[in-house]
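Take a look at the structure below.
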Amino acid sequence: MCNSSYFVLIFSLSQLVSLSYSLYFHIGEAERKCFLEEIPDDTLVIGKYKVELYDENSGAYRPSTPGIGMHVEVKDPDDKIILSKLYTSEGRFTFTSHTPGEHIICLYSNSSSWFGKQKLRVHLDIDIGEHAIDYQQVGAREKLTELQLRVRQLLDQVSQITKEQNYQRYREERFRTLSETTNQRVLWWSLAQLVILVIAGFWQMRHLRGFFEAKKLV
Amino acid sequence: MLAPTLRVLFILIAFLLTYIHSNELTFELPDNAKECFNEKIKVGSKFILEFQVVTGGNYDVDLELKSPSGKILYQVTKKQYDQIEKTAEEDGVYEFCFSNEFSTFTHKVIYIDWRVDGDPEHEITGPNPRVAEGALTMIESKVGNIHRNLESCIDYQTHHRLREATGRARAEDLQERVQLWSIGQFVLIIIVAIGTVLLLRSFFTDRRTSSSASWSR
């Protein structure tokens, strides 16, 4: 009994710490901030954010009033929206990619003021693939020792490397197709231009000769 | 009574496992814009910033790293790739800014990798924290080695992916331009051919006895 309460305390403490020491940036109220993530398919992405509003009275950023929320919009490589939800001032969003490629994660506040001059401070942490796995939970759930947990971490890392290699192969194939298409286009368009030049020359000659013969100048 | 202490130990280690946090972000920096990121760091912590310009213009960007007291710790102009490793000498909010203000119309896509090792009191020097009781066994240290190697493998893969993205963006741009210019030239040739003929015809239908037969093709 004493153990579980201790566990809960440490767990909650670690969660607090992990979000309070985050990278943060400032955006305007009406501003939209987007991040690009190029990921292979079947990859888990977890994003955690916290929004603070600038309080003019105290001159500092404080956790904002319940009104402020953030819209999170995620677009997949085919420009299809796979996640579009409104979260509160502190939120966590998750998605798994189904197609490999560049995903765009956009954050913007749901503030209703059009020309809001207020600055928002956004703490953001995006974890992809094996970084997204919470080993505390895995260890607690499956009751693993530290060594087993480490080995599990190695397995996850290796599977991520494999996925990335597969994706690399797919990308290289696309690049190669692109280069070959460009090569073909250059070839065919050059030939077409050559042919059209010759045709144009002949047509001009013939037309003008007929024209001058009609005018009795030749 | 071994089980409770082991559990506490395990929890402590698991807690430490998540303490080193890394942040990888890729964002687009519009032209004439400056983008800043901040983080509160404790004195003695080590932090590493790595950035690479993926697409855009001459693939260069300005970087400025400021300490909490406003002192500029690191400043470069027009760099494509750089890695900065520093130990925090002050407690407070560190800021690094990327600037694309020298560019008039190219926007850049920048990849950043930001890693902070936590408190020195927790004695974290790497991804393999020292267990409180006794030294690491052989297996544990080997596992730690493998973990570090795999991390650097993933890091190499990331950089390879970025370079490939740069090449591919260039190739896509080239293809678009080839297509546009080819069509444009094709149409222009036809227009010029017809235009020349019409112009010449207009010279001779004025009933002027102009003998200038300037042929132009």
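To find a chain, count down the sequence lines: A is the first, B the second, and so on, and within it residues start at 1.
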Gln165(A), part contacting chain B, at a heavy-atom distance under 4.5 Å | both

Can a salt bridge be assigned to the pair Arg161(B) and Glu164(A) using a cut-off of 4.0 Å between side-chain N and carboxylate O?
-> yes

Part of Ile189(B) within contact of chain A (heavy atom distance under 4.5 Å) = side chain

Considering only heavy atoms, which portion of Arg121(A) lies under 4.5 Å from any heavy atom of chain B: side chain, backbone, both, or neither?
-> neither

Quick one: do Glu90(A) and Lys50(A) make a salt bridge, cutoff under 4.0 Å?
-> no

Spatial distance of atom CG (Asp156(A)) from atom CD1 (Ile161(A)) [nearest 0.5 Å] = 11.5 Å

Which answer fits Phe211(A), side chain, backbone, both or neither, if we ask what part of it has an atom under 4.5 Å from a heavy atom of chain B?
-> side chain

Comparing Leu150(B), Leu174(B), Val93(B), Leu162(B) against chain A, the one with the most heavy-atom pairs below 4.5 Å turns out to be Leu150(B)

Is it true that the side chains of Gln52(B) and Tyr59(B) contain a donor and an acceptor less than 3.5 Å apart?
-> no

Who among Glu172(A), His26(A), Arg174(A), Glu130(A) has the most heavy-atom pairs with chain B under 4.5 Å?
-> Arg174(A)

Yes or no on side chain to side chain contact (heavy atoms under 4.5 Å, CB included) for Phe186(B) and Ile183(B), after CA distance, side-chain angles and deciding distance?
-> CA-CA 5 Å; Phe186(B) 196 83; Ile183(B) 293 177; 5.5 Å; no

Heavy-atom distances under 4.5 Å only: say whether Asn183(A) touches chain B with side chain, backbone, both or neither.
-> neither

Highest number of heavy-atom pairs under 4.5 Å with chain B among Leu154(A), Ile105(A), Leu147(A), Leu124(A) belongs to Leu154(A)

Go through His207(A), Glu102(A), Arg171(A), Gln193(A) and name the one with the most non-hydrogen pairs under 4.5 angstrom from chain B.
-> Arg171(A)

Side chain / backbone / both / neither for Ile190(B) at chain A, heavy atoms under 4.5 Å = side chain

Side-chain donor/acceptor of Gln175(B) to backbone N/O of Glu172(B), under 3.5 Å | no

Could you check which of His131(A), Gln160(A), Lys33(A), Glu37(A) has the highest count of heavy-atom pairs closer than 4.5 Å to chain B?
-> Lys33(A)

Under 4.5 Å from a heavy atom of chain A, the part of Val54(B) involved | neither

At a heavy-atom separation under 4.5 Å, does Gln168(A) approach chain B through its side chain, its backbone, both, or neither?
-> side chain

Between Tyr87(A) and His71(A), ring centroids under 6.0 Å | no

Any luck finding a side-chain donor-acceptor pair between Trp189(A) and Gln179(B) under 3.5 Å?
-> yes

Check each of Phe47(B), Tyr74(B), Trp114(B) against Phe96(B) using the ring-ring contact (aromatic ring centres under 6.0 Å, His included) test, and report the only one that passes.
-> Trp114(B)

